Number of protein chains: 2
Amino acid sequence: MSGERQITSMSGNKMAGIQCWLGDGQSDQIRIGHSFTVTSERAFEPHEHLFKINDMQSHIYQVLSGVVGVYNMLPDGRRQIVTFYYPGDLIGIEESESWRYHGEVLCRSRVRSIPITIIDRLLETEPGFGQAMLETLATELAEIREQLLSLGQKSAIEKVATFLLRISRRNLREGGNQHSLYLPMTRSEIGDYLGLTIETVSRNISKLKTSGLIHVLNKNTVQILDLPKLEELADGNS
Amino acid sequence: MSGERQITSMSGNKMAGIQCWLGDGQSDQIRIGHSFTVTSERAFEPHEHLFKINDMQSHIYQVLSGVVGVYNMLPDGRRQIVTFYYPGDLIGIEESESWRYHGEVLCRSRVRSIPITIIDRLLETEPGFGQAMLETLATELAEIREQLLSLGQKSAIEKVATFLLRISRRNLREGGNQHSLYLPMTRSEIGDYLGLTIETVSRNISKLKTSGLIHVLNKNTVQILDLPKLEELADGNS
DNA sequence: CGGGTTTTTGAATTTTATCAATGGCTGTGG
DNA sequence: CCACAGCCATTGATAAAATTCAAAAACCCG
């Protein structure tokens, strides 16, 4: 709690931020002072909900494996997926009384639940924990602003390129392969994330394939063949 | 810092949140413990920048009068306005080392600058201040998620209706007139906020006018004639 | 291997953007 | 006080992009 205030959790080591206290999912224990609290893990099947909008929020969630999608809906069924959460990510740390969106497991996943009472306790007793939460929220805000630019200004093919690059960059950050991407979600979910129909997503993935920027191994696996060109495309320098 | 954790700053009284410490702009003083710090105010002309992307962040800003737009750009000039900030609003409380977006004054405005060193001090010394910041960020996150739904899923006319309702609801919250809206920004700025061109914005405002949902007094003043129908339209129950 | 689901591709339609011109407001100077 | 210049905003016609509807192909699981 000194003069340090740069927000760097976007980059590299996740244990630098809030994960210091909550863990990165390797252990199911949380230390508060000298006592340990055991949190609960559970497996979820595709399309199971962790929570629905307006449910009371009693826990925050940490994805251990798989992917969770968080979304809002219009009354007629149109859906906007706000964020895909991957292993290590925390859902709901902004804590309101009730959930402001739906949280759905998109593929077979393991998820850890952490009671918000524990978060409260950490806030009270652990110096620096509040600051870490602020940084995590700031990072989330920055990422959503990126997504706003994509949704508001980019063409379909630019959106798809941007989406692939996001996964590529995440891979890099997590020590994975920058060029080999695993897409656990369906085309329809990608569409609901990018503000496009399933057909438009498919067509533009095909276009990227035809122009030699990517190779589609199978529907869940894409390889980036020309990263610089993909980046140019994503930034609108078509 | 007790068990209180519901986030209610969205509703009603602004002094309930972070404004407790920073003020709502009526006074230019900030109290830290028993000492007072005077912050600086300044008038800005349209199109002046408070900061540009990648500038070091030394201050946060509070709008006193007028409007400030915060935006990101693509290299080719396409612009996405992320948020319009109105009097009382704080810009930059998520504090990163450098700004992640541009901040431009959209009409003649008065803005107060608060050094981030003061925020640091408040975080260290004032119990509850960190919690208030978390709540403010959470509110901002929730509003941007709303905007994601609009940008990703709504049609042009639904976007315009949603935009007008946002201003109406803000008016209501601030004790103003729910039906009489002042639009300090240009059509072009509204377009860059909604992911539409200036012509599409104009056309759809005209459509709302023709269908009798609104009355356009002059280009900066709109009156809502049929609030329920406008709300239906904004929610996609066209 | 087969059935159901997801994805891809194609054709027609709708929506929005683009290009072009007109209209209207505002503020200034004669 | 009126006329005019400059800037926005509106409206119209056309073009481009994305959606919708429809069908075929590929994939996955048992």
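Letters A, B, ... mirror the listed sequences (proteins, then strands); counts begin at 1. Worth saying up front: this structure is predicted, and the values here are computed from it rather than measured. Side chains included, hydrogens not; waters and symmetry mates left out as well; all remaining heavy atoms used.
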| query | Just by distance, with hydrogens left out, do A/R187 and A/S202 show a side-chain donor and acceptor under 3.5 Å apart? | reply | no
| query | To the nearest angstrom, how far is B/N220 atom CG from D/dA9 atom P? | reply | 8 Å
| CG of B/L106 to CG of B/L183: how many Å apart, nearest 0.5 Å? | 12.5 Å
| task | Round to a whole Å and report the spacing from CD of A/E199 to C1' of C/dT15. | result | 16 Å
| said: So, does B/S206 get its side chain near the phosphate of D/dT11, meaning an N or O under 4.0 Å from OP1 or OP2? | reply: yes
| query | Starting at CG of A/L208 and ending at P of C/dT8, how long is that distance when rounded to a whole Å? | reply | 12 Å
| request: Describe the nucleic acid contact of B/T197 in one word from base, sugar-phosphate, nothing, applying a heavy-atom distance below 4.0 Å. | output: base
| query | Under 30°, 30 to 60°, or over 60°: which ring-plane class applies to B/Y193 and B/F84, parallel, tilted or perpendicular? | reply | tilted
| field | Test side chain to side chain contact (heavy atoms under 4.5 Å, CB included) applied to A/L227 and A/I214, A/L165, A/L213, the passing residue | value | A/L165
| Can you tell me if the side-chain N/O atoms of B/T200 get under 4.0 Å from OP1 or OP2 in C/dT16? | no
| task | Please work out if B/G195 contacts a base, only the sugar-phosphate, or nothing of the nucleic acid, heavy-atom cut-off 4.0 Å. | result | sugar-phosphate
| request: Under the salt bridge (Lys or Arg N to Asp or Glu O under 4.0 Å) rule, what do A/R170 and A/E143 come out as? Steps first, then yes or no, please. | output: CA-CA 12 Å; A/R170 184 188 171 87; A/E143 283 175 9; over 6 Å; no
| request: Measure from CD on B/E158 to P on C/dT14 and round the result to the nearest Å. | output: 17 Å
| Donor-acceptor pair present, A/R78 side chain and D/dT19 base, under 3.5 Å | no
| field | Proximity to the side chain of A/A156 - top-ranked nucleotide from D/dA18, C/dT9, C/dT16 | value | D/dA18
| In whole Å, what is the span from the CG atom of A/N204 to the P atom of D/dA16? | 17 Å
| With a 3.5 Å cut-off and just heavy-atom distances, do the side chain of A/R187 and the base of C/dT5 make a donor-acceptor pair? | no
| said: Rounded to whole Å, how long is the line connecting atom CG of B/L196 with atom P of D/dA9? | reply: 15 Å
| query | To the nearest Å, how far apart are A/E189 CD and C/dT5 C1'? | reply | 13 Å
| remark: By nearest-nucleotide position on DNA chain D, the 5'-leaning member of A/K154 and A/L217 is A/K154
| field | Proximal nucleotide (of D/dC28, C/dG10, C/dT18) relative to the A/R203 side chain | value | C/dG10
| field | Nearest to side-chain heavy atoms of B/S155, which nucleotide of C/dT16, D/dC8, D/dT11 | value | C/dT16
| field | Nearest-Å distance for atom pair CG/C1', residues A/D76 and D/dT20 | value | 15 Å
